[in-house]
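Each chain gets a letter, A, B and so on, in the order its sequence line appears, and its residues count up from 1.
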Number of protein chains: 2
Amino acid sequence: MTAGHFWCDFALVDGEVVSDVAITVVDGRFDSITPNAPTHADATHLNGFTIPGLANAHSHAFQRALRSRTQRGSGSFWTWRDLMYRAADRLDPELYLRLARATFAEMVASGITTVGEFHYLHHGPGGARYEVPNIMGDAVLAAADEAGLRITLLDVLYLHGGLTDGRYLPLSEAQKRFGDGSVDVWADRVGRLTSNDRHRVGAAIHSVRAVDPVAMGECVVWASQQGASLHAHVSEQVAENDECQAIHSMTPVALLESVGALGPAFVAVHATHVNGDDIGLLAESNSAVCLCPTTERDLGDGIVDSRQMVDAGVPIVLGSDSHAVIDLFDEAHAVEMDQRQRTRSRGVHPAGDLLAMATTAGHRSLGWNDVGSLETGQRADLVTVGLDSVRTAGVAAGGLVEATVFAAGAVDVSDVIVDGRHIVSEGQHRHIDVASELSITISELMDR
Amino acid sequence: MTAGHFWCDFALVDGEVVSDVAITVVDGRFDSITPNAPTHADATHLNGFTIPGLANAHSHAFQRALRSRTQRGSGSFWTWRDLMYRAADRLDPELYLRLARATFAEMVASGITTVGEFHYLHHGPGGARYEVPNIMGDAVLAAADEAGLRITLLDVLYLHGGLTDGRYLPLSEAQKRFGDGSVDVWADRVGRLTSNDRHRVGAAIHSVRAVDPVAMGECVVWASQQGASLHAHVSEQVAENDECQAIHSMTPVALLESVGALGPAFVAVHATHVNGDDIGLLAESNSAVCLCPTTERDLGDGIVDSRQMVDAGVPIVLGSDSHAVIDLFDEAHAVEMDQRQRTRSRGVHPAGDLLAMATTAGHRSLGWNDVGSLETGQRADLVTVGLDSVRTAGVAAGGLVEATVFAAGAVDVSDVIVDGRHIVSEGQHRHIDVASELSITISELMDR
């Protein structure tokens, strides 16, 4: 039995900011959380505002390599995708592991303690099968272990190359790495991955462009039998809606509903161009929506009415997606800023709700119900935000949640504890030189 | 004669990224700039990408105290303004100096070497006259000197409390501090401020809400006689347009044009709700527009078509305005992100254009034509952006301008040189503990 003691200047407990908080951790879980406590001689002092671990509900780790490199010339989501495919095509399992490890380490340093990796780089270039069928997925899992965070590997079903003129296209050369050929082969491969105390295996339907309804239905059955999370890219682009309507006479959400995909385990990623009926279907089924606002801005996707979703009862979670930025405070802030511009009013989402999207709700959407709040019995994830940087100096002691969402950034995270293990201190990952590993691996991938 | 030597890994010269750049500074100006040069034994090594100094073209320094403190509950621009007035009401000259000094020091640490302070806190609470009429303006100038940046004090003419139901309102109690009573009294007071090598005095018309056309005209004449910059808040809110139309049957831009305000010295701040004719008037007159996207998002102002402005020939400059964020890279990034969401296409403004908004164009809009580019004879302002943070690691050596706008932030600024003086090194202001001064002064203002 391992035990640890922490003492926080301020901490977020039951949605309230409390001070002088003594925390005891036993076997990676909170054993006691005591506000207004004297400090403990052996306690690690967490200097600032301590919040639950953050959950990054939608990640494509390898896209970290594209940061700022896709910012030349003009174009669209679709021209951006061509650049992304070129990077994906060059990855082998060893480089994928190192790039994902560095990217996940950047995440941990920013306060992320669980990542949902939407993983579709299954096979070799041109679709060649590796001798070990899950060698790429195993690389992602190992990367998470080494970086020190928890992972839900959302293994992606990807069968078709698109949906155009009312028919499914064959996979393009670049897409052949993503495809298992059939949902049975996919299920067989994914079935060999195992969940454990730090790994969950979940399922993902890439999108209505890449998976036909029959295959969707089988994927849904598999996920349901496994009790696994089920994520899907949904209505990120208007073109996707149009193609789906043309062939199925339904919206993507309605199509997913028709195959039984919606439910408490389902997460609609983006959901940018959904309509009121779609939101109703998501709400009735207790599905969640994952917004990725910094990526959606970068790709010019558009802005959804997130207030309408919340009012309908749809939980919102957050993802850094393409990793143009890795900063969940920035994502939470961006959700609110985009709504202010859309509605021309302030305070659309309260700060506490925005932070909950990044913590409790996010973990739940990845299948971790025992992470995301400071409660006895929950897994001991802690993230400390410094209150003495040039960004956070001067915030109100009575408004630390507002300060965290509206003034702080990932760079203000000083300490990160995952399952009671102290992974980040003084703003630095304790075991990984993050910037150096990013620089080396990205250069290997992109500049060779 | 003072001289200094710098050596940059990479620098932006004539819009191009060059490497191994030796720079000699004599009497605060660039004496030589030599790419592909050997390093000099006495040279200060600037490790990263060195760009010109940034210009913050629109600042209300005291509003730094509101960061994250106005983020409770819901509301509008107008409810936010009530909170802002409450803070303004409590400032005295001594606290104003200390708060502005800390805020300006945060700016310098973020790479800003010139600030345009849109200054309207002229008088005592309730409008009581200070014995020294410019004691508040002098405080701002002194704050800039102490923080180490150059300033254009845009002294604001503020005569009326608003424009409602077709008439000008008297100043409210909170607004009485801002008002000189008449344009003549304003001109007499402002005439006592003097420009020097580090200070420019400019004029500002607060808005069409606060200044009637006759007074505007006299202000324009004064600015023209002095060769001073002339700034005005323009069409930030739809309500302002509506009120202006109701009384003057013109848009704010057309009204300003009718009194002769437009021209190369004029900057329309925000210009969020201008129409095509307004943009035509701004373009024909060689006026500039100052966008403040992080503040405009925070206040839910709306998004203007900045591409249309650039295509018409209107220079765009940037300001951090309310200082919800102080990060001109973030402002430049936000201009592009907002356009992508508006147009659903990428690459609306090239990265080089976005950086020019924050540098060359910004300085020009504040009356400093000899700052903002790395050229022999220009004032020696240098800002070095580190390329080895978790944010910037992995960017392309051939894409450093894109990296600066799309991956870096204020926190990546390692060195800042103003007029040849090294004010910031290793990311820290050399003379001021910025966070501590912010914390102390803001607490004095807001928590007492």
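Comparing A:Gly352, A:Ala109, A:Gly398 by heavy-atom pairs within less than 4.5 Å of chain B, the highest count is held by A:Gly398. With chain B as the partner, the residue from A:Ser345, A:Ala396, A:Ala397, A:Ser439 showing the most heavy-atom pairs under 4.5 Å is A:Ala396. Listed options B:Val401, B:Val395, B:Val434 were ranked by heavy-atom pairs under 4.5 angstrom with chain A; first place goes to B:Val395. When the candidates A:Ala407, A:Gly302, A:Ala403 are compared by the number of heavy-atom contacts under 4.5 Å with chain B, A:Gly302 comes out ahead. With respect to chain A, the highest number of heavy-atom pairs below 4.5 Å among B:Gly73, B:Ala102, B:Ala393 belongs to B:Ala393. Contact count against chain A (heavy-atom pairs under 4.5 Å) is highest for B:Arg64 among B:Arg64, B:His323, B:Glu437, B:Gln339. Of the listed residues B:Gly399, B:Ser443, B:Gly347, B:Ser110, the one with more heavy-atom pairs under 4.5 angstrom with chain A than any other is B:Gly347. Comparing B:Thr343, B:Asp301, B:Asp447, B:Val405 by how many heavy-atom pairs each has under 4.5 Å with chain A, the most go to B:Asp301.
For B:Glu296, the parts sitting under 4.5 Å from any heavy atom of chain A are the backbone and the side chain alike. With a 4.5 angstrom heavy-atom cutoff, B:Thr441 does not touch chain A via any of its atoms. For a residue to count as touching a neighbouring chain, one of its non-hydrogen atoms must lie under 4.5 Å from one of that chain's; by this rule A:Gln71 touches chain B with backbone and side chain alike. Of the two parts of B:Ala324, only the backbone, made up of N, CA, C and O, holds a non-hydrogen atom closer than 4.5 Å to a non-hydrogen atom of chain A. Neither the backbone nor the side chain of A:Ser436 comes within less than 4.5 Å of any heavy atom of chain B. At a 4.5 Å heavy-atom cutoff, the contact between B:Leu299 and chain A is made by backbone and side-chain atoms alike. With a threshold of 4.5 angstrom between heavy atoms, B:Val348 does not approach chain A through any atom at all. With a threshold of 4.5 angstrom between heavy atoms, B:Met446 does not approach chain A through any atom at all.
Between A:Asp298 and B:Arg340 a salt bridge is recorded (basic side-chain N to carboxylate O distance below 4.0 Å). A:Arg69 and B:Glu402 are not joined by a salt bridge, as no carboxylate oxygen comes within less than 4.0 angstrom of a charged side-chain nitrogen.
With rounding to the nearest 0.5 angstrom, the NE2 atom of A:His349 is 12.5 Å from the OG atom of B:Ser74. To the nearest 0.5 Å, atom CZ of residue A:Arg67 and atom CZ of residue B:Phe406 are 13.5 Å apart.
Interface with chain A: from residues 384-392 of chain B, residues B:Asp388, B:Ser389, B:Val390, B:Arg391 qualify, criterion being any non-hydrogen pair under 4.5 Å.
Checked by atom type, the side-chain pair A:Ser76/B:Arg344 shows no donor-acceptor distance below 3.5 Å.
For the side chain to side chain contact (heavy atoms under 4.5 Å, CB included) with B:Gln341, the lone residue among A:Gln341, A:Arg342, A:Arg297 that qualifies is A:Arg297.
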